[in-house]
Amino acid sequence: MNKYLRAFISWMKLIMANEVAYKGNFILKVIALIIFDFFGPIIALLMYSVSSGIPGWGFEQYLLMVGTFTLVWGINDTFFDNLAHGLIHLLRQGEFDITMLRPFKVLGYWTVTAGNPRQSFRILSGLAIVSYALLSFNSIVFVNILSYIYLIFLATLFMYSINVLIASLAILFVKSSSLIGIFENILSVGSFPLTVYGPIGSFIFTFVFPLGIAAFYPAVALIGGLDLILILKLTLVISLFLVGNILIWSFALKRYTSAGG
Amino acid sequence: MSVRDSFLQFKGVFKMAIKDAIAYKFEFVIWMIAHPIWLAALYFVWKAIYAYSGVDVIRGFTFLGFINYMILATIVGTATWVGVDYRTADEVRRGTLIRYIVKPVSYYRNALYSNIGWRFFAFSFESLPIVIFAIFFLGLTTTNIYFVLFTISVILAFVLNYTFTFIFGLMAFWLVKIGGIIRVRNGLEVLLKGFVMPISFFPIWFQKVSNILPFQYVVYVPAQIFLQNFTLLQSVVSIVIQLLWIVVLLTVAKIIWRRGYIRFAGVGM
């Protein structure tokens, strides 16, 4: 078995054992996760009960987007929850150097030991919201489902890139977990249809900082189908975004001064 | 204890908290950027919603009124945020709470003064840019009398939120880990305080439930006072209710503290 896969499995087992050590606390954390995950649908419900809602988006369509956003966050938190957070903690403690002594590439090790199985409940919440929204659709074209799954994969790569970027910025500039807060706020912008931000906003959030992939494009693909050319363009943009952030990571690692503690 | 002694204690802890906060100034600078991003997103989304709905007012809020409410909710939320629950739980778990026996100031007041220092610094960094933007570009303003009432309401909201959060921290006397409970509370609070939307946007039954709980007096009520969506009488009555809630919660906190402290062995790790 590949050593990275072994490390991933060991890490997930370890974290799970740690989480369930205090069972009552674990259950409450899961309940809290679910409460937060259902904020999106609650807000959507309120929006559509007091107004006509977002132009061009019916309630169920918007709910599908909200569910997709939750699903993508769930995948991110299940597999990369600790990537930026854990690294920032170690940087502050001055213990990041230990990572470099391990028989792994630094980013590879961080990637496979960043997950938290508790967060998989967010994936279930996302799937539940998406499924509920889909009940109101008469039929879904099979090709659209495939597009949706593929775009969720791209969204996962995008979220991973963001984590790598935060970790790099933490090494280069600020060893602060508030960096994560900033990116969470930026990513929240992607929980609404890009159309509300106008043509310039849509262009920026598609081709410059592609957060439209986090929910908007997968939802559009599932509802009405997405042009193949646009899917290819998104693939190219996300690939470049990922490569760019890995290069930033390499740059940051070379400038690591081991000055924490 | 004289008023002068209390003031000197406050001054000492406050100054120390400010020095601590300065060490974390980058954290606050980062939030100074993060808040406007979210508010900008809300601006675009609700602008589209109001235009699409073809109405000027939704549940008592014009578009500008709604945006100003969300700005005020962010500002009041920043001013009243406290982390005393985690701090208290940590002190209990580590056993370090024992040191407050020999101090001339109670743990409740020590942590309160410290929180005031932190919030004073954090508020200046995180909220001032939003306040300046809202005043000059969105015309966020109020009359002198409402500003005075708003200021009183925010101060009381801080004490109310602090005391309520403190009670949750005291649960650590009975439970080893309270992170889960705190997260559940945080989740419910976000809705009940009126952070994500004004309480008037919620169904009537939710508003009725909210009326008998203390949460809306932390964010929703001060924001409504500033926006003059409450009459002067309503504002004064709301402030009196805030005071009553503080008295009730302080009494509960004292009872729990006494019972919990009896159990506390001063041992921890």
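Proteins get letters first, then strands, A, B, ... in listed order; numbering begins at 1 in each.
- Across every non-hydrogen atom of Val84(B) and Thr88(B), the tightest pair is O-OG1, 2.6 Å.
- For Ile34(A), no part lies under 4.5 angstrom from a heavy atom of chain B.
- Atom-to-atom distance recorded for Leu28(A):CG and Ile35(A):CD1 is 9.0 Å, nearest 0.5 angstrom.
- Listed by sequence position, Leu46(A), Met47(A), Val50(A), Ser51(A), Ser52(A), Gly53(A), Ile54(A) are the residues of residues 45-54 of chain A in contact with chain B, using a 4.5 angstrom heavy-atom cutoff.
- Asn76(A) and Asn163(A) share a side-chain donor-acceptor pair at under 3.5 Å.
- Taken to the nearest 0.5 Å, the CD atom of Gln61(A) stands 4.5 Å off from the CD1 atom of Ile223(A).
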- Task: Report the C-alpha distance between Asp90(B) and Arg93(B) in whole Å, list the side-chain angles of each, state the deciding distance to 0.1 Å, and finish with yes or no for salt bridge (charged side-chain N to carboxylate O under 4.0 Å, His left out).
- Result: CA-CA 5 Å; Asp90(B) 197 49; Arg93(B) 197 167 47 249; 3.3 Å; yes

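- Using a 4.5 Å heavy-atom cut-off against chain B, the contacting residues of residues 191-202 of chain A are Phe192(A), Val196(A), Tyr197(A).
- Between Phe203(A) and Phe207(A), the ring-plane angle classifies as tilted under the 30° and 60° cut-offs.
- Taking every heavy atom of both residues into account, Ile75(B) and Ser127(B) meet most closely at CA-OG, 4.0 Å.
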- Message: Working note: Arg118(A) + Asp77(A), criterion salt bridge (charged side-chain N to carboxylate O under 4.0 Å, His left out); need CA distance, chi angles, decisive distance, verdict.
- Response: CA-CA 9 Å; Arg118(A) 170 168 52 84; Asp77(A) 288 352; over 6 Å; no

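- Listed options Ile37(B), Ile182(B), Val45(B) were ranked by heavy-atom pairs under 4.5 angstrom with chain A; first place goes to Val45(B).
- Phe183(A) does not touch chain B: none of its heavy atoms, backbone or side chain, sits under 4.5 Å away.
- For Phe202(B), the parts lying under 4.5 angstrom from a heavy atom of chain A are both the backbone and the side chain.
- Below 30°, between 30° and 60°, or above 60°: for Phe66(B) and Phe201(B) the angle between ring planes is between 30° and 60°, a tilted geometry.
- Taking every heavy atom of both residues into account, Val76(B) and Val218(B) meet most closely at CG1-O, 3.2 Å.
- Under the 6.0 Å distance and 45° angle rule, Arg263(B) does not count as a cation-pi partner of Tyr261(B).
- Of all the listed residues (Val55(B), Ile178(B), Ile181(B)), the one sharing the greatest number of non-hydrogen pairs under 4.5 Å with chain A is Ile181(B).
- Both the backbone and the side chain of Ile186(A) have a heavy atom closer than 4.5 Å to some heavy atom of chain B.
- The aromatic rings of Phe173(B) and Trp257(B) sit perpendicular to each other, their planes meeting at more than 60°, with 30° as the lower class boundary.
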